[in-house]
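Structure record follows, encoded as structure tokens.
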Protein chains: 2
Amino acid sequence: MPTELRRPERTFTIRQLCTEFKATPRALRFYEDKGLLTPARDGMNRVYSYKDRARLILILRGKRVGLSLQEIREIFELYGEEDEVMAQNAHSLKKFKEKIVVLEQQREDIDGAIAELHEACERLERHLADKRPDLLPKAADYDQMMRARVDGHNEPVAAK
Amino acid sequence: MPTELRRPERTFTIRQLCTEFKATPRALRFYEDKGLLTPARDGMNRVYSYKDRARLILILRGKRVGLSLQEIREIFELYGEEDEVMAQNAHSLKKFKEKIVVLEQQREDIDGAIAELHEACERLERHLADKRPDLLPKAADYDQMMRARVDGHNEPVAAK
DNA sequence: GCGATGCTTGACGTTGACGTAAAGGGCATT
DNA sequence: AATGCCCTTTACGTCAACGTCAAGCATCGC
């Protein structure tokens with residue numbers, strides 16, 4: 001456990017946090033503008049404490065689970081310093097539940113799409129068998145590709 | 001099977017399609033603007049054929065599975081009339097796969113959140129047991145609430 | 001003829017989360 | 001002294017997918 005990051009005197013520049021979390025300075029200033037961060041200053045320059053860093057982590061995690069900056073701020077405002085983490089966790093779970101509902105709707109669409117796809121394939125196959133039997137191998141390939149996609153046995157989530 | 005809707009002479013006004021699919025006229029005109037629909041005209045007025053209607057269905061379904069209008073247009077442009085449906089199905093499946101990747105990332109976040117939540121609960125309990133044993137019942141309630149959320153046994157997705 | 005509807009086009013507004021450019025201070029190296 | 005880099009602020013731009021007027025035909029029933 002890196003107590004290093006917990007030591008109160010440990011501070012961060014804006015760029016340090018940006019590179020650590022793959023954010024941009026503009027984004028951090030934007031969060032500050034929206035009242036999500038309030039780093040100290042050294043002259044003009046922002047100085048982020050380990051607490052600010054923890055908050056930033058919460059902000060980014062909140063975003064990933066689908067919270068808007070507005071919602072995140074409300075969480076921060078509603079609950080005191082003490083258990084921001086716990087409060088956001090509760091919210092995150094709620095949001096996640098909602099997202100699951102949306103996903104189930106989408107899965108229905110997908111299921112419909114898959115059904116149509118199979119039907120279309122069959123139609124096409126019958127059509128080809130009738131008119132252009134010479135093209136049948138290709139159609140079989142296409143169908144095979146689709147089945148593979150559905151089963152998820154190929155393309156190990158190719159990078160980028 | 002409602003051949004009614006397949007008969008070429010069957011046409012639709014903008015409002016008919018809007019009410020059927022719960023869209024707005026503005027939206028349909030917007031899709032047209034973006035080259036996704038090209039209804040005929042009767043004087044000034046748009047006249048949607050059953051083909052236009054089929055395309056609209058594809059547009060809406062595409063949106064539901066996470067395609068942007070731009071992407072939908074590309075599908076329409078790339079593949080001819082013939083198998084728009086099949087083309088979009090392939091795209092939809094791809095998009096859905098990508099979405100699953102994102103979701104798995106989010107699930108990781110959620111898992112982390114849950115872990116933190118439990119840890120925090122335990123810390124709090126120990127703290128209370130030590131300093132304010134009188135408050136322990138309430139803490140137990142809170143913990144109970146959280147467990148309920150996680151298990152998903154309450155709040156039957158209350159309607160708006 | 002008149003108002004109510006429903007259609008049209010055009011143009012500007014909205015929301016969220018920043019991007020991007022302009023203009024400048026501060027500090028270090030050359 | 002000049003260059004370069006990082007920081008700052010202010011302010012306007014962007015993107016998607018429409019919403020929201022505004023202004024104007026056209027048709028209907030009365």
Side-chain angles (χ1 to χ4, degrees), chain A residues 11-49 52-53 55-77 91 95 98-99 102 106, chain B residues 11-49 52-53 55-77 91 95 98-99 102 106:
Chain A
T11 63
F12 308 84
T13 73
I14 195 170
R15 192 146 297 272
Q16 280 171 348
L17 289 186
C18 284
T19 58
E20 179 173 3
F21 297 112
K22 287 174 187 171
T24 66
R26 179 70 181 93
L28 296 210
R29 293 188 199 111
F30 184 73
Y31 300 153
E32 187 175 344
D33 238 48
K34 296 287 156 179
L36 289 169
L37 286 173
T38 47
R41 295 301 179 112
D42 172 20
M44 303 224 79
N45 297 356
R46 289 169 175 80
V47 178
Y48 295 86
S49 70
D52 293 321
R53 181 172 168 280
R55 261 184 119 104
L56 177 57
I57 292 176
L58 277 182
I59 294 171
L60 297 177
R61 181 153 89 200
K63 287 193 52 180
R64 280 197 301 269
V65 299
L67 299 175
S68 69
L69 296 184
Q70 172 63 20
E71 287 171 313
I72 295 172
R73 206 191 71 183
E74 280 162 16
I75 294 176
F76 285 167
E77 280 174 0
H91 262 75
K95 279 285 156 183
E98 290 170 15
K99 198 163 292 186
V102 173
Q106 290 185 354
Chain B
T11 63
F12 309 84
T13 73
I14 193 168
R15 194 148 297 273
Q16 281 171 345
L17 289 185
C18 283
T19 57
E20 179 174 3
F21 298 111
K22 288 174 188 172
T24 66
R26 179 70 180 91
L28 296 210
R29 292 187 200 112
F30 185 74
Y31 300 153
E32 187 175 343
D33 238 48
K34 296 286 155 178
L36 290 169
L37 286 174
T38 48
R41 296 300 180 112
D42 171 20
M44 303 223 79
N45 297 357
R46 289 170 175 79
V47 178
Y48 295 87
S49 69
D52 293 322
R53 181 173 169 278
R55 260 184 118 104
L56 177 57
I57 292 177
L58 277 182
I59 293 171
L60 297 177
R61 181 153 90 200
K63 286 194 52 180
R64 281 198 301 271
V65 299
L67 299 175
S68 70
L69 297 185
Q70 172 62 19
E71 288 171 314
I72 295 172
R73 205 191 73 183
E74 280 163 15
I75 294 176
F76 285 167
E77 280 174 1
H91 263 75
K95 279 286 157 183
E98 289 171 16
K99 199 165 291 186
V102 173
Q106 289 183 354

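Order of the sequence lines sets the chain letters (A, B, ...), proteins ahead of strands, with each chain counted from 1.
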Practice prompt. Please round to the nearest 0.5 Å and tell me the distance separating atom NZ of A/Lys34 and atom CD1 of A/Ile72.
Written response: 13.0 Å
Discussion item. Measure CG/B/Asp33 against P/C/dT9 and give the value in whole Å, please.
Written reply: 9 Å
Worksheet item: In chain order, what residues pass the side chain to side chain donor-acceptor pair (under 3.5 Å) check against A/Gln16, with sequence neighbours excluded?
Response: none
Discussion item. With a 4.0 Å limit, can you tell me whether B/Arg29 has a side-chain N or O closer than that to the phosphate oxygens OP1/OP2 of C/dT8?
Written reply: yes
Practice prompt. Could you check how far CD1 of A/Ile72 sits from P of C/dC18, rounded to whole Å?
Written response: 9 Å
Fill in: Inter-residue atom distance A/Arg46.CZ - A/Leu17.CG, 0.5 Å rounding
12.0 Å
Worksheet item: How does protein reach along nucleotides 16-23 of chain D, written 5' to 3' as B (base within reach of a heavy atom under 4.0 Å), S (only sugar-phosphate), or - (no contact)?
Response: -BBBB---
Discussion item. What's the separation between atom CG in A/Leu60 and atom CZ in A/Arg55, rounded to the nearest 0.5 Å?
Written reply: 13.0 Å
Item to complete: Nearest whole angstrom, please: distance from the P of D/dC25 to the CG of B/Asp42.
Response: 18 Å
Response to the item:
dist A/Leu69:CG -> A/Ile59:CD1 (nearest 0.5 Å) comes out at 7.5 Å
Worksheet item: B/Met44 has an atom CE; how far is it from atom C1' of D/dT27, in whole Å?
Response: 14 Å
Worksheet item: CG of A/Leu37 versus P of C/dC18: gap in Å, rounded?
Response: 12 Å
Fill in: Atom-pair distance (CD1 on A/Ile14; C1' on D/dC6), nearest Å
11 Å
Worksheet item: To the nearest angstrom, how far is A/Arg41 atom CZ from D/dT8 atom P?
Response: 6 Å
Fill in: From A/Leu36 atom CG to A/Leu28 atom CG, the distance as rounded to the nearest 0.5 Å
11.0 Å
Worksheet item: Does OP1 or OP2 of C/dG6 have a side-chain N or O of B/Arg15 closer than 4.0 Å?
Response: no
Worksheet item: Does B/Arg53 reach the main-chain N or O of B/Tyr48 with its side chain, forming a donor-acceptor pair under 3.5 Å?
Response: no
Worksheet, complete the sentence: Rounded to whole Å, OH of A/Tyr48 lies from C1' of D/dC7 at a distance of 11 Å
Worksheet item: To the side chain of B/Thr13, which of D/dT9, D/dC6, C/dC7 is closest?
Response: C/dC7
